[in-house]
Amino acid sequence: MTAQIKTVFSRQILDSRGLPTVETMVILDTGGYVVASVPSGTSTGTHEALELRDGNKEYMGLGVERAVKNVNETIGPHVRGMDVAKQTDIDHAMIELDGTRNKSNLGANAILSVSIAVCKAGALASNVPLYRYISTMGGFIQAKRVPTPFFNLINGGLHGTGNLDFQEFHLIPATNKSFKESLKIGVEIYQNLKNSLTRRGATRSVGDEGGFTPNLFSNLDAFEVMLEAVRAAGYSPGSDVFFGLDSAANTFYKDGKYVIKDRSSPLSTNEMIEFYRSLLEQYRLISIEDGLYEDDWEGWVKLTSELGEKTVIIGDDLLVTNKERLEKGISLKAANGILIKPNQIGTVSETIEAINIARNNGWQAVISHRSGETNDTFIADFSVGTNALYCKYGGLSRGERIAKYNRLIAIEEEIIAAS
Ligand code: PGA
Ligand code: ZN
């Protein structure tokens, strides 16, 4: 059934960090409506599409009233009357209306809020679950399973109040486990980790993404304590579960070197790669994300040629879900995986395009949330709809993270019931 966009209405709400973000409602001519809100990063890549903030005295300059106004007064009237099933046409209409390369005119936050709402409205109009609509609309093979989660059990860097340089320490269940089983394993290890940290007298408050934020002697200690928790919970590292890392290296890249607490002096790119090699051997990491600075292309090429056969080298700040940067990365062999974040590029269609380019070149595409989230669970449906092997939605606490996991529980039940 076709349905047309009747009204688009946007407002400023708060994200999980208590900072303003955009929420947009799309009302159809059939009377149905949907609501979508956009996430926001803390350790953002320089090359991301522009998140429009007010820059005035209110909300420390972080208000999004200008973005909201752009939806209400410019984008909304422009897309009114369009067939909601025409996701690509609507996204392209917004890209043209904006007229800039990085969506700095209308704001990627304004545009994405409409793009996601349109996608949800398309599902509503077709009367199918969102994940299935995304699968058909994007031309993906229908998923027979829910993606395996990267649980971010320890939050360091800009996401935690502890003293760790690396941003995310991931626990990754084996891909042959169901999501229900993966979630149980994740929770049991997370709770054991809490006990381990408590015993060591390390802070166990949680960071932006719902993982613990301990003070430890070194970054390696974070893996040690995770290993302890895995064993205490009765699981076997290297078969039941694996580890992964998001270094977010931009944040400890100073004057051309990498400054981490594990080493007394700053590391060159080559030394950093050697450090990852030892980490990989010791903890069998199955992925390393943003291991190097976002514009250290040469370093990334070396990192991938040295370690890319043993682990997935994921570009987040390096590639920013951007087709041009991804194509450059592919031609240089600068990584073999991409982190996919819709708000880095600003429309659902361009996000799907990036996933397809990555996969057509044999790369892994990991679907991700941001550190600033809302309770919107679009990204959970999106990972299933795009038939991803892995997804990344944070640690195992905080409502906005758990909302995604809870949505995946329901989706898995539906997939099983339909098969
Ligand atoms: P961000 O962090 O949302 O703060 O950018 C997430 C990530 O780096 O993967
Ligand atoms: Zn990252």
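It should be emphasised that the depicted structure is a prediction, and the values quoted were computed from it without experimental measurement.
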Evaluate Ile154 against Val225 for side chain to side chain contact (heavy atoms under 4.5 Å, CB included), listing each step before the verdict. CA-CA 10 Å; Ile154 295 188; Val225 74; 3.9 Å; yes
Among side-chain atoms of [X] and [Y], is any donor-acceptor pair under 3.5 angstrom?
X: Glu168; Y: Ser247; value: no
X: Asp262; Y: Asn219; value: yes
X: Gln344; Y: Thr321; value: yes
X: Ser196; Y: Glu228; value: yes
X: Ser349; Y: Asp91; value: yes
X: Asn250; Y: Ser43; value: no
X: Tyr131; Y: Glu414; value: yes
X: Glu350; Y: Thr347; value: yes
X: Asn270; Y: Ser268; value: no
X: Glu294; Y: Tyr253; value: no
X: Glu373; Y: Tyr393; value: no

May I have the step-by-step check of side chain to side chain contact (heavy atoms under 4.5 Å, CB included) for Tyr33 and Thr7, ending in yes or no? CA-CA 9 Å; Tyr33 71 93; Thr7 310; over 6 Å; no
Min side-chain heavy-atom separation [X]-[Y] under 4.5 Å:
X: Pro20; Y: Tyr59; value: yes
X: Gln167; Y: Asn155; value: no
X: Leu326; Y: Asn322; value: no
X: Thr269; Y: Leu292; value: yes
X: Phe217; Y: Lys261; value: no
X: Leu220; Y: Glu224; value: no
X: Pro39; Y: Thr21; value: no

Looking at Ile111, Val71, Asn72, which hits side-chain contact (heavy atoms from CB on, under 4.5 Å) with Thr24? Val71
Hey, which of Leu318, Asp295, Leu319, Asn102 is the one that makes side-chain contact (heavy atoms from CB on, under 4.5 Å) with His47? Asp295
Please evaluate residues Asn109 and Glu51 with respect to the criterion side-chain hydrogen bond (donor to acceptor under 3.5 Å, both in side chains), reporting the C-alpha separation (whole Å), side-chain torsions for both, the decisive distance (0.1 Å), and the verdict. CA-CA 5 Å; Asn109 43 355; Glu51 183 178 73; 5.4 Å; no
Please find out if less than 6.0 Å separates the ring center of Tyr293 from that of Tyr258. no
Check for me whether the distance between the ring centres of Tyr405 and Phe151 falls short of 6.0 Å. yes
Quick one, Ile415 with Arg145, criterion side chain to side chain contact (heavy atoms under 4.5 Å, CB included). Give me CA distance, side-chain angles, the key distance, then yes/no. CA-CA 7 Å; Ile415 290 177; Arg145 62 185 287 283; over 6 Å; no
Crowding at [atom1], [X] (>12 non-hydrogen neighbours, <6.0 Å):
X: Glu58; atom1: CD; value: no
X: Glu298; atom1: CD; value: no
X: Asn360; atom1: CG; value: yes
X: Lys144; atom1: NZ; value: no

Does Ser397 form a side-chain hydrogen bond (donor to acceptor under 3.5 Å, both in side chains) with Tyr190? I'd like the steps, not just the answer. CA-CA 9 Å; Ser397 71; Tyr190 182 73; 3.0 Å; yes
Do the rings of Phe223 and Phe169 sit parallel, tilted or perpendicular, given the 30° and 60° boundaries? perpendicular
Under 30°, 30 to 60°, or over 60°: which ring-plane class applies to Phe252 and Phe166, parallel, tilted or perpendicular? tilted
Determine, step by step, whether Asp208 and Ser16 satisfy the side chain to side chain contact (heavy atoms under 4.5 Å, CB included) criterion, reporting the C-alpha distance in whole Å, the side-chain angles of both residues, the deciding distance to 0.1 Å, and the verdict. CA-CA 8 Å; Asp208 283 3; Ser16 55; over 6 Å; no
Has Ser368 got a side-chain atom pairing as donor or acceptor with Leu339's backbone, closer than 3.5 angstrom? no
Is there a donor-acceptor contact under 3.5 Å from the side chain of Glu48 to the main chain of Gly45? yes
How far apart are the C-alpha atoms of Ser40 and Asn343, what are their side-chain angles, what is the distance that settles it, and do they pass the side-chain hydrogen bond (donor to acceptor under 3.5 Å, both in side chains) test? CA-CA 7 Å; Ser40 170; Asn343 86 322; 5.4 Å; no
Between Lys177 and Asp240, is the salt bridge (Lys or Arg N to Asp or Glu O under 4.0 Å) condition met? List the steps. CA-CA 9 Å; Lys177 302 201 184 294; Asp240 292 325; 3.6 Å; yes
Under the salt bridge (Lys or Arg N to Asp or Glu O under 4.0 Å) criterion, do Arg17 and Asp15 qualify, and how do the steps go? CA-CA 5 Å; Arg17 304 166 302 184; Asp15 70 19; 2.8 Å; yes
Test log, rule salt bridge (Lys or Arg N to Asp or Glu O under 4.0 Å), inputs Arg53 and Glu65: CA-CA 8 Å; Arg53 300 264 176 198; Glu65 295 292 5; over 6 Å; no
What do the steps show when you test Lys69 against Asp54 for salt bridge (Lys or Arg N to Asp or Glu O under 4.0 Å), and what is the final call? CA-CA 11 Å; Lys69 190 161 177 265; Asp54 296 337; over 6 Å; no
Begin with the C-alpha distance, continue with both residues' side-chain angles, and end with the deciding distance and a verdict on side-chain hydrogen bond (donor to acceptor under 3.5 Å, both in side chains) for Ser287 and Gln364. CA-CA 10 Å; Ser287 67; Gln364 196 61 252; over 6 Å; no
Taking 4.0 angstrom as the limit, do Glu289 and Lys392 come out as a salt bridge? yes
Spatial distance of atom OG1 (Thr377) from atom CG (Leu408) [nearest 0.5 Å]: 9.0 Å
